[in-house]
Amino acid sequence: MTSNGGGRDPDIELFVKAGSDGESIGNCPFSQRLFMILWLKGVVFNVTTVDLKRKPADLHNLAPGTHPPFLTFNGEVKTDINKIEEFLEEVLAPPKYPKLAAKHRESNTAGIDIFAKFSAYIKNTRPDANGALEKSLTKALKKLDEYLNSPLPEEIDADSMDEENSSSRSFLDGNELTLADCNLLPKLHIVKVVAKKYRNYDIPSDMTGVWRYLNSAYARDEFTNTCAAEKEIELAYQDVAKRLVK
């Protein structure tokens with residue numbers, strides 16, 4: 001029986017990284033990405049947190065050499081995150097499940113370089129390089145801010161004489177969460193939390209698009225209930241975030 005159309009839900013189990021207590025949700029943007037997709041699809045699924053320090057033997061047998069996230073779909077193990085996303089979008093399709101792909105191609109690449117710029121900034125130990133790396137992160141965030149504040153084609157009123165038309169949408173591709181958001185939001189949240197904790201860096205308050213985007217996410221269960229606690233995120237970066245050494 002296919003999962004599309006009528007009939008019962010497929011049997012889905014998602015395995016995500018556990019937090020420091022071995023049970024709660026750990027810091028992993030990839031785990032959260034898949035967790036959000038399944039939640040948004042409205043499909044029934046189970047979530048198992050995997051303690052990487054004590055990975056149970058049955059998981060070694062289920063997905064040898066694989067770290068979470070991975071999932072089982074009607075008993076079949078799937079481990080490649082991008083392929084899992086494509087697969088879920090294809091099999092959990094309308095009319096029973098919503099389509100989550102972004103309509104605008106640009107929404108899929110918006111903010112694509114932020115996480116790499118953040119990683120370089122946070123791992124750097126040289127005070128003389130800090131300024132340039134911070135600038136580079138701010139520039140990448142600014143680019144995202146400009147995308148979020150630029151109206152999408154459907155937001156432009158052809159009859160309006162107002163040249164200053166700016167977007168008020170909540171998410172990358174409109175007012176609903178899409179696959180593009182499931183990919184970017186978990187990473188953007190980590191950037192916000194970790195850069196503040198270890199570099200005292202705040203996303204500039206004049207980036208109204210980015211802040212509207214984050215606050216829209218924080219108002220949604222699909223984001224907040226799939227996200228690691230801030231302390232978990234800070235803990236995960238304790239050894240990654242390097243001190244600036246004079």
Side-chain angles (χ1 to χ4, degrees), residues 16-22 24-34 36 50-53 55 65-69 80-82 106-150 172 180-218 223-224 226-246:
V16 300
K17 181 181 157 188
S20 52
D21 63 0
S24 61
I25 299 167
N27 171 67
C28 174
F30 309 107
S31 291
Q32 190 180 2
R33 176 181 172 186
L34 296 182
M36 283 181 74
V50 180
D51 185 355
L52 295 182
K53 295 189 289 292
K55 193 174 174 187
T66 303
H67 280 311
D80 181 303
I81 296 160
N82 290 328
E106 301 78 18
S107 296
N108 293 316
T109 53
I112 202 164
D113 56 345
I114 290 172
F115 206 65
K117 305 284 188 200
F118 153 76
S119 295
Y121 174 53
I122 214 78
K123 289 174 184 174
N124 168 53
T125 55
R126 290 171 40 220
D128 59 328
N130 187 61
L133 290 167
E134 185 174 302
K135 236 185 217 140
S136 182
L137 172 60
T138 303
K139 195 174 159 189
L141 285 162
K142 185 70 191 150
K143 226 168 97 184
L144 172 64
D145 187 62
E146 284 164 3
Y147 182 69
L148 288 162
N149 279 333
S150 303
L172 287 171
D181 301 301
C182 296
N183 189 12
L184 182 61
L185 275 169
K187 295 175 183 170
L188 189 61
H189 178 64
I190 290 169
V191 171
K192 189 197 89 167
V193 171
V194 175
K196 176 65 180 169
K197 169 78 176 171
Y198 295 106
R199 290 289 183 270
N200 200 27
Y201 174 89
D202 287 298
I203 295 173
S205 56
D206 63 357
M207 292 192 188
T208 54
V210 172
W211 279 108
R212 187 177 66 246
Y213 184 44
L214 282 169
N215 290 327
S216 298
Y218 299 154
F223 182 81
T224 55
T226 57
C227 189
E230 291 200 5
K231 281 208 160 40
E232 282 295 336
I233 297 172
E234 290 171 357
L235 202 60
Y237 274 86
Q238 211 168 17
D239 299 326
V240 180
K242 303 297 183 206
R243 284 219 178 98
L244 296 174
V245 185
K246 293 244 179 339

Next item on the list: State, to 0.1 Å, how close Ala110 and Leu172 come at their nearest heavy-atom pair, and which atoms those are.
Entry: CB-CD2, 3.9 Å
Next item on the list: Determine the minimum heavy-atom distance between Lys117 and Leu137, stating which atoms define it.
Entry: CB-CA, 4.0 Å
Check: CH2 of Trp211 to CG of Leu148: how many Å apart, nearest 0.5 Å?
Finding: 13.5 Å
Checklist line | Ile114 and Leu141, any side-chain heavy atoms less than 4.5 Å apart | finding: yes
Checklist line | Flag side-chain contact, heavy atom, 4.5 Å: Phe118 against Lys187 | finding: no
Checklist line | Contact check, side chains of His189 and Tyr218, non-hydrogen atoms, under 4.5 Å | finding: yes
Notebook entry, point to check: Which heavy atom of Ser107 sits nearest a heavy atom of Ala180, and at what distance?
Noted result: O-CB, 3.4 Å
Check: If you take all heavy atoms of Leu52 and Pro68, which pair is closest and at what distance?
Finding: CD2-CD, 3.5 Å
Next item on the list: Could you tell me which non-hydrogen atom of Glu232 sits nearest to which non-hydrogen atom of Ile25, and how far apart they are?
Entry: CG-O, 4.0 Å
Item checked: Euclidean distance, Asn183 CG relative to Ile112 CD1, rounded to 0.5 Å -> 7.5 Å
Next item on the list: Show your working on side chain to side chain contact (heavy atoms under 4.5 Å, CB included) between Tyr198 and Val240 and close with a plain yes or no.
Entry: CA-CA 10 Å; Tyr198 295 106; Val240 180; over 6 Å; no
Check: How far apart are the C-alpha atoms of Tyr237 and Asn27, what are their side-chain angles, what is the distance that settles it, and do they pass the side-chain hydrogen bond (donor to acceptor under 3.5 Å, both in side chains) test?
Finding: CA-CA 9 Å; Tyr237 274 86; Asn27 171 67; 5.0 Å; no
Notebook entry, point to check: Atom CD1 of Ile190 and atom SG of Cys227: how far apart are they, to the nearest 0.5 Å?
Noted result: 7.5 Å
Notebook entry, point to check: Is the number of heavy atoms from other residues, nucleotides or ligands within 6.0 Å of NZ (Lys142) greater than 12?
Noted result: yes
Checklist line | side chain to side chain contact (heavy atoms under 4.5 Å, CB included) between Tyr121 and Asn130, worked out | finding: CA-CA 7 Å; Tyr121 174 53; Asn130 187 61; 3.3 Å; yes
Check: Quick one: are Asn82 and Arg33 in side-chain contact, heavy atoms under 4.5 Å?
Finding: yes
Note to self: To the nearest 0.5 Å, what is the distance between CG on Leu184 and OH on Tyr213?
What the structure shows: 4.5 Å
Notebook entry, point to check: Between atom OG of Ser20 and atom CG of Asp51, what is the distance when rounded to the nearest 0.5 Å?
Noted result: 9.5 Å
Item checked: Pairwise side-chain contact, Met207 with Thr138, heavy-atom cut-off 4.5 Å (strictly under) -> yes
Notebook entry, point to check: Within a radius of less than 6.0 Å around NZ of Lys196, do more than 12 heavy atoms belonging to other residues, nucleotides or ligands occur?
Noted result: yes
Notebook entry, point to check: About how many Å separate CG of Leu133 and OH of Tyr201, when rounded to the nearest 0.5 Å?
Noted result: 12.0 Å
Note to self: Using a 3.5 Å distance criterion without hydrogens, assess whether the side chain of Gln32 forms a donor-acceptor pair with backbone atoms of Ala228.
What the structure shows: no
Note to self: By the definition side-chain contact (heavy atoms from CB on, under 4.5 Å), identify the one residue from Leu214, Leu185, Asp181 that meets it with Phe223.
What the structure shows: Leu185
Next item on the list: For residues Cys28 and His67, determine if any side-chain heavy atom of one lies less than 4.5 Å from a side-chain heavy atom of the other.
Entry: no
Checklist line | Main-chain N/O of Ala132 paired to Ser136 side chain as donor or acceptor, under 3.5 Å | finding: no
Checklist line | Least distance between heavy atoms, Asp145 atom then Val210 atom | finding: OD1-N, 3.0 Å
